[in-house]
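Everything on this sheet refers to the single structure shown next.
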Amino acid sequence: MDWIQEFLTSGLLPGVLLALRAVTPLLALYVIWRSYTSFQKGQRRRDPLIVLRDEASGVQFPVLYWENSIGRSKSCDIYLPDGAVSRDHAVLLRREEGWFICDTGSKAGVFVNGQKVTDRALVGAGDRLTLGSVTLTLGNSDGAPPKRRRVFTGFSRRPASPRKLLFVASLVQFLMAVQGCFQDGGFAPRQFIPFLAVLVLEWSVFLVAVGALRHVSFEIETVAFLLSGMGVQLLAASDFDTAVTQLAALVLGVGTFSFLLWFMNDLDRVARFRVAIGAAALVLFAVNLVLGDERYGSKNWISLGPVSVQPSEFIKIAFVFVGTSTLDRLQTKKNITEFLIFAGACVGFLALLRDFGTALIFFACFLIIAFMRSGSVRTIALVLMAAALGVVLILKFKPYVAERFLGWGHVWEHINDSMGYQQTRVLTYMASGGWLGVGLGQGCLIDIFAADSDLVFGLLVEEQGLFLGLVVLAAMGLLIFYARSDVTRSRSTFFSIAACAAAGLLLFQTCLNVFGSTDILPMTGVTLPFFSAGGSSLVSCWGLMAFLKASDERTYAARRAAKHSAKAPSKRELEDIYS
């Protein structure tokens, strides 16, 4: 170890650490951008799966999705401008057994070859589907696929190697671990322990996913491991015990991610458990209301011995499930009404728990799901008006919430009181960090209350620089584009809506955290995904990422291909299919 002592006394350490802080965001940006472009390149073309031909006019309707709404409403996937057709007349959906047609409460009913459909009917090529006065013939898609619109998806024509991307992500975590080992001018090798733990976990998951399960994509997991590993290193530099807790939560998060991928593999199973999941979420809220501990004005924690959990974080996953798993009853008024009641109950419980920051996140997620399911701007406008009235009532009857709004935009007038103390310190220390930061474990913000949770973005920028902070925000922003890529290619409307809801929830939560700590918005006390200390939050983030992974059609490609083949397809065969 003599060489380490010589290095510490040589005067080179500050320059080396500065160089590491300059390289780290560049490598992280490479991983994030190449993961996104590889995800884009790996998606299948938007070719029709089957076609429906109008017998009267000869018009052909390409069927692009696994679930397709049919009706007179322009928001339907297949628009039939006929007075005898209901606004939301039927749903045509694909399952393992084949294609099914379902009546969604239409007035005229749905007929297959002259027989009225009571629940759902299996249909095939040549069958005649009658909706009102329109008769459609189902046929196979044998035409030329539409030309793909050229878009810029990176500088390389081929997707990046998943192994290479994960290696670079591990390198980013290694560079941060090195910084943590040499903080305070000394050498603390135990800072490598969190890095090694994350390294073993992420490569084990990679080997199982790519080797055993034959997945051809690993972009979603790579981005999640990159952000989680960076968060663990940031926390380890200031409090090693907190990092150990975060590591345990990371393991649980990966387990949740894996379980949800298995669970969502069967869409009928998702539909069967929809009501049970919603009921369990409401029961968990009720238990939280009765047994919860009050912390910092909110009663949103339950203590189980030495462990504390935040139920609302897990209910985020349930909220997405209940809101999107309508399947063959995609746009019926009954299901939309049920979701409205469930969403209202969730927000009501959060109001009773005085967790208004999380209530805002649920509401934003609700708007995404409601709009994608109904396509009705009028409905969304009415909900927003009701929400505005709710905000007025909260400000009137909850003075401590109004206090946060009073300090909003005036934090420099309240440097030493509760309305501005935290934000002014965040802004000051972020500015002192500059583009490359002051060094891991060298920040002053860590001495401020909630620096490792609500204010963790300020801690990241102070210690690692604004450049890396912007890269992290870019990663969260690109989640929306991940989800948007799947909307027209996912094998189910459930996956499309769930991916957009999960990505929107994570991005909105990120905005509340970052903008709240920097006084662009009022402080809400929500966590920064993947970075804030708190096991419940990290587990929830990984659970939400499962929706993005499941929406990628390649995720279940190996299983579906194996069912129609004597042997499982090779990785090369799958890459040829989806490249």
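Counting from 1, the numbers follow the sequence of the chain as shown. Every heavy atom of this structure was used, including side-chain atoms; hydrogens, water molecules and symmetry mates were not.
In this structure, a donor-acceptor pair under 3.5 Å is absent between the side chains of Gln422 and Ser517. Using a 3.5 Å distance cut-off with no hydrogens or angles, the side chains of Thr527 and Ser537 do pair a donor with an acceptor. A donor-acceptor pair shorter than 3.5 Å cannot be found between the side chains of Asn300 and Ser312. Between the side chains of Glu202 and Ser170, at least one donor N or O lies within less than 3.5 Å of an accepting N or O. Looking only at atom types and distance, the side chain of Thr24 has no donor-acceptor partner in the side chain of Arg21 under 3.5 Å away.
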Chi angles and distances behind the side-chain contact (heavy atoms from CB on, under 4.5 Å) call for Phe530, Met230: CA-CA 9 Å; Phe530 299 104; Met230 292 167 61; over 6 Å; no
Chi angles and distances behind the side-chain contact (heavy atoms from CB on, under 4.5 Å) call for Val198, Ser228: CA-CA 9 Å; Val198 175; Ser228 300; over 6 Å; no
Working for side-chain contact (heavy atoms from CB on, under 4.5 Å), residues Asn288 and Phe349: CA-CA 9 Å; Asn288 191 176; Phe349 270 116; over 6 Å; no
Test log, rule side-chain contact (heavy atoms from CB on, under 4.5 Å), inputs Phe257 and Val205: CA-CA 11 Å; Phe257 177 88; Val205 173; over 6 Å; no
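Between Tyr36 and Trp33, the two ring planes are tilted [angle within 30° to 60°].
Ring centers of Phe206 and Phe225: at least 6.0 Å apart, outside the cut-off. Centroid-to-centroid, the aromatic rings of Phe319 and Phe366 stay 6.0 Å apart or farther. Ring centroid separation for the pair Phe457 and Phe531 does not come in under the 6.0 Å cut-off.
Note that the CG atom of Asp355 and the CH2 atom of Trp301 stand 10.0 Å from one another [nearest 0.5 Å]. For the atom pair Asp241 CG and Thr245 OG1, the distance stands at 7.0 Å (nearest 0.5 Å). Rounding to the nearest 0.5 angstrom, the gap separating the OG1 atom in Thr358 from the CD atom in Glu313 is 6.0 Å. Distance check: Leu528 CG to Leu512 CG gives 11.0 Å after rounding to the nearest 0.5 Å. Within the model, atoms CZ of Phe321 and CZ of Phe273 stand 11.0 Å from one another, a figure rounded to the nearest 0.5 Å. If you take CG on Leu548 and CD1 on Ile220, they are separated by 5.0 Å, rounding to the nearest 0.5 Å.
When every heavy atom of Val31 is checked against every heavy atom of Leu165, the shortest pair comes out as CG2-O, 4.0 Å. Taking each heavy atom of Ser536 and Ser308 in turn, the nearest pair found is OG-O, 4.4 Å. Considering every non-hydrogen atom in both Leu506 and Pro529, the closest pair reads O-CG, 3.8 Å. Nearest approach of Ala224 to Met545, heavy atoms of both residues: CB-CE, 4.1 Å. Looking at every heavy atom in both residues, Gln173 comes nearest to Leu226 through NE2-CA, 3.7 Å. The shortest non-hydrogen separation linking Phe195 to Gln233 is N-NE2, 3.2 Å.
Side-chain atoms of Leu235 and Phe240, non-hydrogen and from C-beta on, never get closer than 4.5 Å to each other. You'll find the side chain of Arg425 stays beyond 4.5 Å of the side chain of Leu455, heavy atoms only. Side-chain atoms of Ile317 and Phe547, non-hydrogen and from C-beta on, do get closer than 4.5 Å to each other. Side-chain atoms of Val251 and Leu247, non-hydrogen and from C-beta on, never get closer than 4.5 Å to each other. Proximity of Leu227 to Met476: side-chain heavy atoms (C-beta onward) are separated by under 4.5 Å at one or more points. Annotation: side chain of Leu199 is not in contact with side chain of Phe174 (no heavy-atom distance under 4.5 Å). Taking the side chain as every heavy atom from C-beta outward, Gln191 and Phe182 never approach each other to under 4.5 Å. For the pair Tyr429/Val438, no side-chain contact is recorded, criterion being any heavy-atom separation below 4.5 Å from C-beta on.
A cation-pi arrangement is absent between Arg163 and Phe167 under the rule of less than 6.0 angstrom and at most 45 degrees off the ring axis.
In this view, Ser238 and Ile446 satisfy the side chain to side chain contact (heavy atoms under 4.5 Å, CB included) rule, not counting sequence neighbours.
Annotation for Trp435: atom CH2 does not count as buried by contact number, only 12 or fewer foreign heavy atoms lying within 6.0 Å.
A donor-acceptor pair under 3.5 Å links the side-chain atoms of Gln246 to the main chain of Ser532, judged by distance alone. Under a 3.5 Å cut-off, the side chain of Asn513 and the backbone N or O of Asp454 do form a donor-acceptor pair.
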